[in-house]
Amino acid sequence: MICNEAQKKVDELVDGSLVGRERDEFERHLLGCPECRSYLDWVRWLSVAARALPEMAPARDFWQDISGELAEPGASVVCLADHKAIGSRRRSPLPDIHLYRRALIPRLGKAAALVCILLAFGFALMLVSDEPVAETGWSVKWESQGGAQERGDLAAQLSVGQMMETDSRSTAHIEIASIGQVEVRPNSRVRLVESHENEQRMALEKGVIRALILAPPRLFFVETPSALAVDLGCAYELSVDENGNGKLEVTSGWVALEYDGIESLVPAGAVCTSRPGRGPGTPHFPDAAPGFKAALAEIDAGSAGTAAIEAALAGARLRDTLSVWHLFARVEPRVRPAVYDRLSALVPAPEGVTREGVMQLDPTMLSLWKGELQAHW
Amino acid sequence: MSINPALMGNQGASDPEEVREWVACAQAGDTAAYERLYRIYVRRIYSLCYRMLAESDWAEEVTQEIFIKAWTALRSFRNESSFFSWLYRLAVNRVLGSIRENRRRVARVFTAEDRVLEQHPGRRTSTEENLDLELAIAGLPERARLVFVLYEIEGYRHDEIAALLGVAEGTCKAQLHRARLLLRKALGR
């Protein structure tokens with residue numbers, strides 16, 4: 001794919017109009033093209049920055065000029081005995097974000113309307129919650145195989161507490177408030193957990209989602225049975241199988257996978273699996289040596305002996321410092337010196353990082369070293 | 001279109017019930033109630049005008065026109081949408097009308113395209129970054145700027161922008177791409 005053309009695809013990806021095979025092909029291109037990834041990062045930054053621009057005030061108050069033009073019979077009428085102070089009450093979260101979309105929902109209730117609309121069109125949507133419909137929600141567009149694309153303008157609303165499921169032929173495109181999009185792939189089940197200005201949170205119970213988030217870090221969260229995916233400004237695919245095992249593949253930016261005090265930081269191009277009860281595994285790049293990946297799998301399963309850890313360390317390339325750095329918090333304290341030695345052989349510890357500090361998992365030192373390593377990831 | 005919540009300003013802090021009361025009173029001719037509405041929305045409307053027109057005097061002039069026009073048209077407001085949505089739509093149409101009526105001024109503004117080619121290297125504070133971004137947006141060519149402002153800041157969709165500007169949706173997308181490239185160059189990213 002030529003990059004000039006590919007960069008237009010970035011626009012389509014960000015706008016949510018790039019779907020299906022074309023999107024797959026483009027995401028593969030992104031993984032191997034730093035120029036396009038850089039452009040994607042720029043577009044994401046620009047979108048966030050533009051939306052965060054503050055209001056501007058005119059240089060002067062021109063109400064007097066305006067009021068002089070308002071004269072008409074009855075203009076001196078005062079019909080409110082008590083004009084209340086402006087802004088005296090707390091604003092509701094995400095006020096009127098979906099003004100037009102809301103107008104489409106009949107008054108019989110959003111949940112019921114959603115069911116009626118989708119049944120009428122034969123789409124596979126199931127709402128399985130009886131919880132009251134919340135004030136805020138996400139808008140959903142549906143795409144189905146077999147000629148239903150013409151109905152792609154069918155809009156619906158997913159409210160807090162509601163769950164929806166795609167069948168083998170349908171895909172849902174969710175607009176996450178004003179911060180990004182999530183594509184819910186076929187045979188997937190998701191639930192909207194929270195939607196307010198400081199947090200957008202969904203649960204992926206099974207299936208696959210693709211997220212593209214244009215927001216400051218830690219605003220968008222996806223709960224899975226095995227880990228919590230925390231957006232750090234990114235595009236990624238997250239899947240959950242029938243047993244609750246998860247797999248994260250990051251296309252752009254960073255995602256954190258968290259569970260019970262364990263955290264994996266996954267950059268663009270890397271993958272990370274997770275298991276119920278164990279949380280996220282060690283992130284790694286797919287092009288790592290098979291022996292290295294097999295050793296990591298043993299470590300993540302908790303069944304690794306010294307031989308497996310030695311194999312992982314011996315097989316690590318410069319790029320695999322991503323995984324090696326994560327091993328500090330995953331291996332027993334007695335093994336940490338070996339991890340330290342291997343990592344410092346690949347990329348020396350920067351100033352301010354000591355062996356003793358790393359042995360104690362000093363977060364500042366680990367962060368400093370990670371900063372040095374990132375150039376190779 | 002989804003209204004950008006970051007730009008709701010005082011509008012977001014006002015009570016919808018109170019706004020409805022003031023609107024009803026203003027519809028009955030109460031200028032004091034209309035002043036309340038003006039004070040809630042003037043910054044929001046001025047921001048829209050400035051970013052679309054890229055000239056402060058012109059933006060102030062059009063902002064005044066919008067509030068005068070909204071007063072005269074107020075009786076046609078039926079509460080089918082929020083007052084802000086109605087005012088906002090009226091404002092966008094008035095700005096675009098003003099651009100059509102003022103081709104000479106527009107031409108003068110667009111000679112400022114060179115500004116977008118200025119480089120702003122180095123690390124900036126967020127306030128400086130905002131200022132740089134505002135300047136760079138103001139320096140964009142007309143079409144690219146209008147599409148960028150309506151899409152990225154105001155939350156319009158491409159099909160809505162295409163209808164407003166009377167162009168094809170593909171043209172909107174191309175202009176947005178152009179704006180992003182020009183802004184990247186201008187901001188040295």
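To find a chain, count down the sequence lines: A is the first, B the second, and so on, and within it residues start at 1.
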Donor-acceptor contact below 3.5 Å, side chain A/Trp42 vs main chain B/Arg180: yes
Polar side-chain atom of B/Glu60 near backbone of A/Ala59 as donor-acceptor pair, under 3.5 Å: yes
Region of B/Tyr34 in contact with chain A, defined by heavy-atom distances below 4.5 Å: both
Considering all heavy atoms of both residues, which atom of [X] and which atom of [Y] are nearest to each other, and what is their separation?
X        : Y       : result
B/Leu133 : A/Ala50 : CD2-N, 4.0 Å
B/Gln64  : A/Asp65 : OE1-CB, 3.5 Å
A/Trp63  : B/Thr31 : CZ2-O, 3.8 Å

Atom CZ of A/Arg60: over 12 foreign heavy atoms under 6.0 Å: yes
Within 6.0 Å of NZ in A/Lys370, more than 12 heavy atoms from elsewhere: yes
Residue pairs involving residues 162-189 of chain B (criterion ring-ring contact (aromatic ring centres under 6.0 Å, His included); sequence neighbours excluded): A/Tyr39-B/His177
With rounding to the nearest 0.5 angstrom, report the [atom1] to [atom2] distance, [X] to [Y].
X        : Y        : atom1 : atom2 : value
A/Glu55  : B/Leu48  : CD    : CG    : 11.0 Å
B/Arg39  : A/Asp61  : CZ    : CG    : 4.0 Å
A/Met56  : B/Arg44  : CE    : CZ    : 12.0 Å
A/Asp11  : B/Leu181 : CG    : CG    : 7.5 Å
B/Phe148 : A/Leu46  : CZ    : CG    : 4.0 Å
B/Arg184 : A/Trp45  : CZ    : CH2   : 11.5 Å

B/Lys173 vs A/Glu12 side-chain heavy atoms within contact, under 4.5 Å: no
Any side-chain heavy-atom pair of B/Thr63 and A/Phe62 under 4.5 Å: yes
Under 4.5 Å from any heavy atom of chain B - which part of A/Asp41: neither
